[in-house]
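A quick write-up on the structure given underneath.
Nothing here was measured: the structure is a model prediction, and the numbers come from that model. Note that ligands are numbered from 1 as they come in the structure, with each ligand's atoms numbered from 1 the same way.
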Amino acid sequence: MGALLVKRILGQAAMLFGRSFSQKSIMSLKNILLKTAVPGPKSLALMARRRSAVARGPFHGTPVFVDHAHGALITDVDGNILIDLAAGIGVVNTGHTPEKLVNAIKTQADKLLHGSFNVTPYESYVALCEKLNEKTPGTFAKKSFLANSGAEAVENGIKIARAYTGRPAVIAFEHAFHGRTFMAMTLTAKEKPYKTGFTPFNSDVHRAPFPYSYRGVSAEQAFTAFTALAATVGPDKIAAVIIEPVLGEGGFLPAPKEFLTNLSSFCAKNGIVLIADEIQCGFGRTGTLFASEQLHFTPDLILTAKGLGGGLPISAVTGRAEMMDAPIEGGIGGTFGGNPVAVAAALAVLGMFEDKTLLTRAQQLGRSVFKTLQGWKQRHAVIGEVRGLGPMLAIELVRDRTTKDPFAEGAKALVKFCYERGVVLMTAGSHGNCVRLLFPLVITDEQLAEAFDIVEDGLKSLKP
Ligand SMILES: Cc1ncc(COP(=O)(O)O)c(C=O)c1O
């Protein structure tokens with residue numbers, strides 16, 4: 001341990017000498033290995049190519065080009081090994097390139113790459129829908145529909161709700177993120193950067209407060225505001241209410257159980273389709289397959305993507321059979337939705353969750369990491385709140401605990417501090433002042449401890 005620390009200090013000192021430092025390894029821990037400053041020369045050269053060839057729009061949380069990744073470790077093009085606490089925005093919950101998943105993809109790739117379910121259907125699409133119908137919350141008759149991305153699941157969820165109810169309006173929540181296509185973007189709360197320059201948005205989308213006790217919005221206040229908004233819109237005009245049971249981009253806020261119960265009763269009473277967007281909080285991220293399970297929440301429709309494919313693009317809408325059957329034949333579909341290779345990946349992911357080891361481990365990680373973050377909060381005044389559900393945890397940074405002034409620059413600086421030392425992290429929150437943990441659930445204790453030492457060093461370095 002002492003030797004490791006010395007090595008790390010030497011390594012960090014070496015980084016101060018800049019990119020020209022020519023030692024073989026400038027930092028070597030048990031998992032992290034830095035051969036160059038991060039980003040290294042090859043990443044920098046690729047970034048220059050990227051700037052001239054790729055549109056400005058897509059952002060990079062970590063300006064490092066990846067070569068390959070396994071488990072919770074990413075190797076970049078310069079040969080640096082980084083610990084991944086972002087999982088490609090909560091996608092590789094089952095780890096990078098797990099053998100079972102990769103083998104399922106390879107086997108399927110040899111058999112059928114594409115048929116289009118709209119042209120010549122194939123059994124695996126049906127099998128995945130059966131599994132989703134079985135595993136998602138609710139004991140009622142269910143059906144599923146497969147698409148390619150989270151945003152596409154959102155679009156289809158709203159189409160299904162409108163077709164079922166024959167009503168126009170949709171209620172979404174403050175701090176929500178539902179994606180980047182037009183309806184999904186309209187439902188998304190944050191203007192910059194997600195909506196800047198893209199007006200006009202879709203009509204008949206209304207926004208209610210999300211319970212955020214740290215910033216003065218209780219579950220009770222939020223529900224009162226919701227009912228007032230619903231009364232203004234007209235309950236018989238509302239097709240759907242869409243909510244993330246745990247806000248993702250919005251800052252890892254779990255919706256209180258009583259709020260979800262009230263929302264469910266209101267929607268059931270008024271014939272409104274209640275949609276849970278579990279695109280980020282689903283697929284084991286919170287320690288159960290779906291966050292809704294822990295929140296005792298049974299939505300009418302549930303949207304999944306990200307972790308569903310374990311790294312391949314696939315999404316799904318699953319829900320009450322009579323609602324799912326509302327669009328007419330040909331009314332929903334697409335060329336690639338439920339692509340056979342992506343379906344094989346999703347079936348492999350579901351298979352990996354079937355054995356409860358991964359979820360048990362995720363729950364254990366949730367408990368131990370929460371304790372670690374609480375410890376950080378005691379030691380570092382920049383942390384205003386620690387929150388989340390299971391291992392889906394975040395810290396909210398503030399300049400001052402009394403004023404709760406959001407410390408977005410701190411979150412950004414922490415992410416930079418960490419990637420320069422071999423840890424990949426992401427920010428979150430409407431103010432950009434949260435740092436979220438989305439590590440692959442297969443991460444080892446040793447990898448986490450190594451990464452967390454660096455994150456805590458970063459917290460110490462912040463000057464509010
Ligand atoms: C909760 C939630 N919904 C929808 C989306 C959109 O998913 P995609 O980026 O796959 O379109 C995201 C993506 O981050 C998300 O977190």
Side-chain angles (χ1 to χ4, degrees), residues 57-61 86-93 136 145-161 170-190 193-195 198 202 205 207 210 240-255 260 274-286 290-292 295 297 299 301-319 334 336-339 342 345-346 349 388-389 392-394 425-430 432 434 436-438:
F59 79 104
H60 310 290
I89 328 185
V91 168
V92 293
N93 298 352
T136 46
F145 165 75
L146 305 179
N148 302 289
S149 66
E152 218 186 321
V154 171
E155 299 288 332
N156 281 286
I158 301 298
K159 282 166 79 171
I160 291 164
V170 182
I171 295 185
F173 290 88
E174 282 170 8
H175 313 291
F177 183 88
H178 294 293
R180 295 168 180 277
T181 51
F182 258 94
M183 177 49 95
M185 174 182 62
T186 305
L187 294 167
T188 291
K190 193 170 171 178
Y194 306 127
K195 300 164 95 159
F198 300 139
N202 289 351
V205 170
R207 199 165 304 285
F210 191 96
V241 170
I242 181 165
I243 186 162
E244 291 163 81
V246 184
L247 284 179
E249 307 297 304
F252 282 28
L253 284 156
L260 292 172
L274 183 51
I275 306 176
D277 177 344
E278 287 231 16
I279 288 163
Q280 190 156 159
C281 63
F283 274 87
R285 178 48 53 196
T286 64
F290 301 102
S292 293
L295 300 171
F297 180 42
L301 303 181
I302 186 163
L303 313 177
T304 51
K306 291 191 186 278
L308 166 64
L312 262 66
I314 183 161
S315 65
V317 185
T318 301
F336 289 113
N339 166 272
V349 164
L389 188 66
M392 184 174 177
L393 291 164
L425 264 182
M426 288 189 80
T427 59
S430 293
C434 302
R436 55 178 145 169
L437 298 177
L438 283 169

Subject >> Where at least one partner belongs to residues 245-254, residue pairs that pass salt bridge (charged side-chain N to carboxylate O under 4.0 Å, His left out), sequence neighbours excluded >> reply: Glu249-Arg436
Subject >> Donor-acceptor contact present, side-chain Lys195 to main-chain Arg180, <3.5 Å >> reply: no
Original post:
ring pair (Phe, Tyr, Trp, His ring centres under 6.0 Å) with Phe177: which residues, sequence neighbours excluded?
Top reply: Tyr194
**OP:** To the nearest 0.5 Å, tell me how far Ser292 OG sits from Leu260 CG.
**Re:** 7.5 Å
Subject >> Nearest-0.5 Å distance, CG of residue Leu312 to CG of residue Asn339 >> reply: 7.5 Å
Need the list: ligand 1 N/O atoms against protein N/O atoms, distance under 3.5 Å, rounded to one decimal.
residue	atom	partner	partner atom	Å
ligand 1	3 (N)	Phe177	O	3.3
ligand 1	3 (N)	Asp277	OD1	3.3
ligand 1	3 (N)	Asp277	OD2	2.7
ligand 1	10 (O)	Gly150	N	2.8
ligand 1	11 (O)	Gly150	N	3.4
ligand 1	11 (O)	Ala151	N	2.8
ligand 1	14 (O)	Lys306	NZ	2.9
ligand 1	16 (O)	Gln280	NE2	2.8

**OP:** Tell me, please, which residues at least two apart from Phe283 pass ring pair (Phe, Tyr, Trp, His ring centres under 6.0 Å).
**Re:** Phe290
